[in-house]
Amino acid sequence: MKLSTLKGAAASATLALAFFGATAASAATVTFSEAPRVIGTPYTFSYNNLDVIVTGWNYTHTATAGAQVTPTSQSDIVVNNEGLGVCDNVAGTGTQCGNTLIDAESSGGPEVAVFTFSKAVTISAISFNQNNKGEQVDFLTSAGSFPLTYRETQTFAGGGPNSDTFTLSLGSLQQLGVGVFSSKNPADQVRISGFTFACDGLTDCMDDGDTGGPSPVPLPAGLPMLASALGLAVFLRKRRSA
């Protein structure tokens, strides 16, 4: 899946991308920390040859909707200096979003940010900021299209504003839904500040031919010298027998 080129305000956004690495399954961390904020949906970016599209939707918590969720009523995606959120203006209206935080809509209820990846990935951690005590987050996945399947719920730890990072074990996926809701205050505040991921079967998300595997085992330091010495001994023995 090739995503369209960013235009307008989205083109001015920058992603802080850090590559950690070095073994067969290197991980990358994407951090949403740019300004000014980006209005409109979808929001797209790339990491090497991995393309990501992010969309925002109104969200019905799985306790009501059940394990299979197909979001309706698309919302705008907003990225600013505190992370990524969604807001309740309908995409394409050109209206500035009044509230840029997940689960902070004044009318539509809880929201879900949906990440769609062009290759299968494994997400090992996701971080949030600006969240309040009592907030909860649903994680949902799919192989690349709706419906999303509910996987687990996590509860934010402290009073807000605060930051939390959750370790995830969701397996291979091409679509991740992050739905935030609160049993206390439907206008509570959450942003996604970043996530850590690896492309399945790839060492660095560069291309489909870059397969993973164990790192080469280094030879002992003296082994090349020993090999040279053995080769020389064989050569001299052949000369003497000639």
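Since the model is a prediction, treat every value here as computed from it, not as a measurement.
- Considering only heavy atoms from C-beta on, Leu168 comes within 4.5 Å of Ile123 through its side chain.
- Relative orientation of the Phe32 and Phe195 rings is tilted, given thresholds of 30° and 60° on the angle between their planes.
- Closest approach of Ser118 to Asn49, counting heavy atoms only: OG-O, 4.0 Å.
- When side chains are defined from C-beta on, Tyr59 does not count as touching Ile102, because their heavy atoms never get closer than 4.5 Å.
- Inter-residue side-chain proximity for Val78 and Arg191 is flagged as unmet; no heavy-atom pair is nearer than 4.5 Å.
- Between Phe128 and Phe156, the ring planes lie perpendicular to each other; the angle is over 60°, past the 30° to 60° tilted range.
- Nearest heavy atom pair, residue Gly56 against residue Val86, reads CA-CG1, 3.5 Å.
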Task: Working for side-chain contact (heavy atoms from CB on, under 4.5 Å), residues Val121 and Gln174 - done: CA-CA 6 Å; Val121 299; Gln174 276 193 258; over 6 Å; no
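- Side-chain atoms of Ser127 and Ser193 include a donor-acceptor pair closer than 3.5 Å.
- The CD atom of Gln68 lies 3.5 Å from the OG1 atom of Thr149; values are rounded to the nearest 0.5 Å.
- By the ring-ring contact (aromatic ring centres under 6.0 Å, His included) test, Phe146 pairs with Trp57, sequence neighbours left out.
- A heavy-atom distance below 4.5 Å is not found between the side chains of Thr55 and Thr116.
- A distance of 5.0 Å separates CD1 in Ile77 from CG in Leu84, rounded to the nearest 0.5 Å.
- Between Arg151 and Leu140 there is no side-chain heavy-atom pair separated by less than 4.5 Å.
- Side chains of Gln175 and Thr141: no donor on one and acceptor on the other come within 3.5 Å.
- With hydrogens and angles disregarded, no donor-acceptor distance shorter than 3.5 Å links the side chain of Ser46 to the backbone of Asn48.
- Here the closest heavy-atom approach between residue Thr70 and residue Pro147 is recorded as OG1-CB, 3.4 Å.
- Ring orientation note: the planes of Phe115 and Phe117 are close to parallel, at an angle under 30° on the 30°/60° scale.
- Of all heavy-atom pairs spanning Phe181 and Val137, the tightest one is CE2-N, 4.4 Å.
- Nearest heavy-atom pair, Val180 versus Pro110, reported as atom, atom and distance to 0.1 Å: O-CB, 3.3 Å.
- Here the side chains of Leu176 and Phe197 are not in contact, with every heavy-atom distance at 4.5 Å or above.
- Among all heavy-atom pairs drawn from Ser75 and Asn58, the shortest one is OG-OD1, 3.4 Å.
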